[in-house]
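Single-structure report; data block below.
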Amino acid sequence: MSLQPTTTINDYVGFDTVSKQMERKFLKRGLNFNVILVGESGMGKTTLVNTIFAGHLVDSNGRKAAQEQPRKTTEIVPTTQVIEENGVRLKLTIVDTPGFGDQTNNEGCWIPVIKYIKDQHAAYLERELKPQRERSINDSRVHACLYFLNPGSRSLRPIDIEVLRRLTEVVNVIPILSKSDSISLAERAVIKKRIKEELAQHRINLYPYPSEEDLDEDTAMNAHIKELIPFAVVGSENVFTENGVTIRGRRHAWGTINVDDEEHCDFVHLRDFILRTHMYDLIEITAQRHYETFRTQQLRQIKELRAAQAQAQGIAQPMQSQPMIQKQQV
Ligand SMILES: Nc1nc2c(ncn2[C@@H]2O[C@H](COP(=O)(O)OP(=O)(O)OP(=O)(O)O)[C@@H](O)[C@H]2O)c(=O)[nH]1
Ligand SMILES: [Mg+2]
């Protein structure tokens, strides 16, 4: 007896709902997004992040009111908050770091930052290698690093080059020309161009990276982002009304800066880039590129260590229930 097919090849079978199925799972699970702020002291790191996530965040010092002046950040503090928008749950962690670059000796000022990033990779790997893996590992890996450049320096300082080099090896770095209201539009264009040239000259490998998988649309979007780097931004949580319009910005003797106006600064482009167009890619690239590099190095070290131990004991390689992740040295 031959079995008759109940559908023909052209009948609708319904696998196109897979994107909806994935979306439902994804919404249920929520999303971790972790951002670290790095740069010179007083460059507006804390202010900018409060501007991006307006009304969503209290800062690492527990400052709750936007009217209060931000306090100096003195240690590495991750602050996590769950925010929700149209049914999407985002567990957002902002890692604020103390400013550097204003001391006479900044030797090694990047060490605690790099160590923090590597420690998160190590914690993830340790949980991933457990014999009984959790269904979803809490992801504290840093997905983006906002690196703040001082517009007063007018170019990259040796310390910026040194720190950027090291950071780009372990995390997706996005350079920011902060406090852009302290320079004129003409100066801003000159400084941006100079910094762009210096970044290229020193081969600082910034996010977004070229990818063969990208669709034409992504390539065009990334070219636009590259054009904007470093993002010249102004941060402010001050809201006021001018000519009947409510704006967020800064008042100066020469006029008012509206942070949400594209003509005034790149703030809107930066926010859209991080949250609206590239957040998922930043998370994915962290796993595929930075974490993968770390994972490979660690597993290789563990293998070499075991081989050396076995050789020293003159026995075959011992079976261990769980490999030990090395303490992170920078
Ligand atoms: N003119 C101007 N001032 C800003 C801007 N962003 C922040 N400020 C001011 O600069 C000062 C320092 O801002 P913070 O956000 O505390 O700077 P920070 O980089 O977090 O400083 P540390 O925590 O010491 O590393 C505050 O008085 C802010 O109001 C900006 O875009 N333009
Ligand atoms: Mg701060």
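First listed ligand is number 1; within each ligand, the first listed atom is number 1. Scope of the values below: all heavy atoms of this structure, side chains included, with no hydrogens, waters or symmetry mates.
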Report task. Under the side-chain contact (heavy atoms from CB on, under 4.5 Å) rule, what do V95 and N34 come out as? Steps first, then yes or no, please. Result -> CA-CA 7 Å; V95 188; N34 310 316; 5.5 Å; no

Report summary line: Atoms of ligand 1 under 4.0 Å from any heavy atom of G235, numbered from 1 in the order shown, are 5 (C), 6 (N), 30 (C), 31 (O)

Query raised in the report: What do you reckon, does K45 have a nitrogen or oxygen under 3.5 Å from a nitrogen or oxygen of ligand 1?
Result: yes

Query raised in the report: Does T46 bring an N, O or S atom to under 2.8 Å of the Mg ion (ligand 2)?
Result: yes

Query - contact_flag G42 ligand 1 heavy-atom lt 4.0 Å - result: yes

Query raised in the report: How about H143 and N172: does a side-chain donor come under 3.5 Å of a side-chain acceptor?
Result: no

**Report entry** With T17 via side-chain contact (heavy atoms from CB on, under 4.5 Å) - residues at least two apart
**Finding:** Y12, Q21

Report summary line: Across all chains, not counting sequence neighbours, the ring pair (Phe, Tyr, Trp, His ring centres under 6.0 Å) partners of Y124 are Y291

Requested in this report: Using a strict cut-off of less than 4.0 Å between a Lys/Arg side-chain nitrogen and an Asp/Glu carboxylate oxygen, indicate whether E198 and R194 qualify as a salt bridge.
Outcome: no

Query raised in the report: Going by the order shown, which atoms of ligand 1 are within less than 4.0 Å of some heavy atom of T46?
Result: 15 (O), 20 (O)

Report summary line: If we number the atoms of ligand 1 from 1 as shown, the ones under 4.0 Å from a heavy atom of T47 are 6 (N), 7 (C), 13 (O), 14 (P), 15 (O), 28 (C)

**Report entry** Option among K179, R157, K45 that satisfies the salt bridge (charged side-chain N to carboxylate O under 4.0 Å, His left out) test with E40
**Finding:** R157

Query raised in the report: Below 3.5 angstrom, do we get any N/O pair linking D181 and ligand 1?
Result: yes

Report task. May I ask you to check if ligand 1 and G99 share an N or O to N or O distance below 3.5 Å? Result -> yes

